[in-house]
Colleague: 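Please see the structure below; I have some questions.
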Amino acid sequence: MRLSSYFMPVLKETPAEAQIVSHRLMLRACLVRQQGAGIYAWLPLGLRVLRKIEQIVREEQNRAGAIEVLMPTIQSAELWRESGRYDAYGPEMLRIKDRHDRDMLFGPTNEEMITTIFRDCVKSYRDLPRNLYHIQWKFRDEVRPRFGVMRGREFLMKDAYSFDLNAEGAHASYNAMFVAYLRTFARLGLVAVPVRAPTGPIGGDLSHEFQILAETGESELFYDAALESISREDLLEATTDSPAVTKLLSLYAMESEQHDAATCTVPKDQLRQKRGIEVGHIFYFGTKYTKAMGCTVSGPDGSQVYPEMGSYGIGVSRLVGAIIEASHDDAGIIWPEAVAPFRVGLINLRADDAKCAAAADDLYEKLNNAGIEVLYDDRDERGGAKFATMDLIGLPWQITVGPKGVEKGVVEMKARSDSVKEEMTVAAALNKLMGI
Ligand code: 5CA
């Protein structure tokens, strides 16, 4: 992509309304534009990141055996009256009337809808277990939308729903999602700490939140310091019986509401109290919805059985902010390779120098031919401004083509993460990128 014909209107000033660094950087780097309280338009750079996160989430759901569907954003109030949650959900639910005066709502979650789909389509235990998921926009009329996409009103969520014949099967489904989550967050460049959590309006008695440690997080956590020794690498290839997973499950980690100082067995000097950003939340709630909504299958002995359910959410749009909170410096964002909007930022230092422009154009073509996603700053701008923009938007690699280098047959390559610069030939730069 040539920057001269792209849409990336970065801001020079720091927006006054943004209280936390990820929100400031998302606005400055022009990833999103606010359209209302907690409602954002995704601009090209932000959309590329959102899609990459979505794809990693999808791949790990598929790997764990979940099957993708797509349910609508608008739901009928009838569904929610069946489960009893229409009144219980309160003012967070955005209620709408259609032209026939029918009560509708913009879905804040999909337990009711998936349960009726299952009820109407699945009749026998032979079709269990199943886990269905979708990646769809949700609306929650939050009292205090804030921190940009972190606590939005409209936000993108991956939500999965498992159906099992019995509690044992449901626990296995829960564990499979637990592991899929650890892998997903590790692939996104994060270490997510699973903590025991209250279940709130979703219901049930078993629940974990996945938290990214960050001072700006809205959750308060208590955990065993030994958790800090588990690395992202340990979790990239996690399975249900990996040592890292066993260790995570055995260590103490609680959301503050669940933490009880009186019964907590972790020695005081081992106990950490920190803040976290909740990027995922999983629940096992058994037959709460299948019973309320009359969803049964015939069991092996012919009797009617209510399937045991769990639900599993990931805040896809919140993750964009959470990743920036975890990975930035004073100059801007530092994207992990897996979610960067482009892998390489190519800078032509002198757009008015014909030799320089020809060399940069040539490298741009080679990168594109090699399938390496590149954003090419071919604008007639000062070098300083180009460097500042590249640092702000945080692409993992910067390659600079300047007149002196062109004379010597080299370019300069910089890693955004550690700012280490290296001069090398174009061939060496291409090899390096293709080897990573
Ligand atoms: N039905 C269940 C699981 S699918 C559910 O809705 N769980 S949840 O309420 O915990 O939401 C799942 C995830 O969505 C959260 O962990 C969080 O990462 C994200 N999320 C929730 N509310 C918001 C919000 N207002 N803005 C951005 N992300 C949110």
Side-chain angles (χ1 to χ4, degrees), residues 20 22-23 26 32 34 36-40 42 50 53-54 57 61 66 69 71 73 75 80 83 85 88-94 106-115 131-163 173-174 177-178 180-181 184-185 188 190 192-204 206-212 214 217-219 221 255 257 276-285 288-289 309-323 325:
I20 60 172
S22 60
H23 190 196
M26 285 187 73
V32 292
Q34 185 170 347
I39 301 177
Y40 292 85
W42 291 81
L50 191 69
I53 296 175
E54 200 181 311
V57 169
Q61 290 294 294
V69 296
M71 291 179 270
T73 54
Q75 308 186 20
W80 289 67
S83 72
R85 280 209 295 181
Y89 216 92
E92 262 192 24
M93 181 183 275
L94 181 66
F106 196 121
T109 176
N110 284 65
E111 278 81 3
E112 282 75 0
M113 190 177 282
I114 199 78
T115 306
N131 185 336
L132 302 174
Y133 76 96
H134 72 162
I135 302 176
Q136 178 63 291
W137 294 91
K138 305 289 187 288
F139 196 97
R140 293 183 186 173
D141 204 350
E142 301 274 353
V143 204
R144 213 179 313 126
R146 56 182 187 157
F147 302 158
V149 299
M150 295 267 232
R151 183 162 295 279
R153 291 199 296 167
E154 190 182 46
F155 59 96
L156 189 59
M157 191 201 285
K158 183 288 297 181
D159 37 328
Y161 304 89
S162 64
F163 294 82
S173 296
Y174 185 93
M177 280 292 112
F178 187 96
Y181 275 38
T184 302
F185 297 126
L188 295 172
L190 301 166
V193 180
V195 303
R196 289 299 295 264
T199 53
I202 309 289
L206 175 59
S207 176
H208 283 90
E209 288 173 358
F210 291 78
Q211 297 275 354
I212 305 304
E218 292 188 287
S219 317
L221 321 171
E255 230 259 302
E257 268 182 68
I277 302 167
E278 181 200 313
V279 289
H281 199 162
I282 61 178
F283 304 82
Y284 164 55
F285 45 74
K288 173 175 168 173
Y289 297 92
M309 286 180 68
S311 77
Y312 315 90
I314 290 183
V316 177
S317 50
R318 174 177 287 183
L319 272 163
V320 181
I323 291 169
E325 284 297 322

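Whatever order the structure lists ligands and atoms in, that order sets their numbers, starting from 1. All values reported here derive from a predicted model rather than from experimental measurement.
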Colleague: Using a 4.0 Å cut-off on heavy atoms, what residues surround ligand 1? Order them by chain and number.
Modeller: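 The 4.0 Å shell around ligand 1 contains Thr109, Glu111, Arg140, Glu142, Val149, Met150, Arg151, Gly152, Phe155, Met157, Asp159, Ile202, Glu278, Val279, Gly280, His281, Phe283, Ser311, Tyr312, Gly313, Gly315, Arg318.
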Colleague: Applying ring-ring contact (aromatic ring centres under 6.0 Å, His included), can you list everything that pairs with His134, at least two apart in sequence or on another chain?
Modeller: none
Colleague: Tell me whether the rings of Phe210 and His208 are parallel (<30°), tilted (30 to 60°) or perpendicular (>60°).
Modeller: tilted
Colleague: By ring-ring contact (aromatic ring centres under 6.0 Å, His included), which residues pair with His23, not counting sequence neighbours?
Modeller: none
Colleague: State whether the side chain of Arg153 and the backbone N or O of Pro145 hold a donor-acceptor pair below 3.5 Å, judged by distance alone.
Modeller: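 Checked: no pair found.
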Colleague: Can you name the side-chain hydrogen bond (donor to acceptor under 3.5 Å, both in side chains) partners of Ser317, sequence neighbours left out?
Modeller: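 Expected list: none.
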Colleague: Evaluate the criterion side-chain contact (heavy atoms from CB on, under 4.5 Å) for residue pair Met309 and Ile114; output intermediate values, then yes/no.
Modeller: CA-CA 11 Å; Met309 286 180 68; Ile114 199 78; 4.1 Å; yes
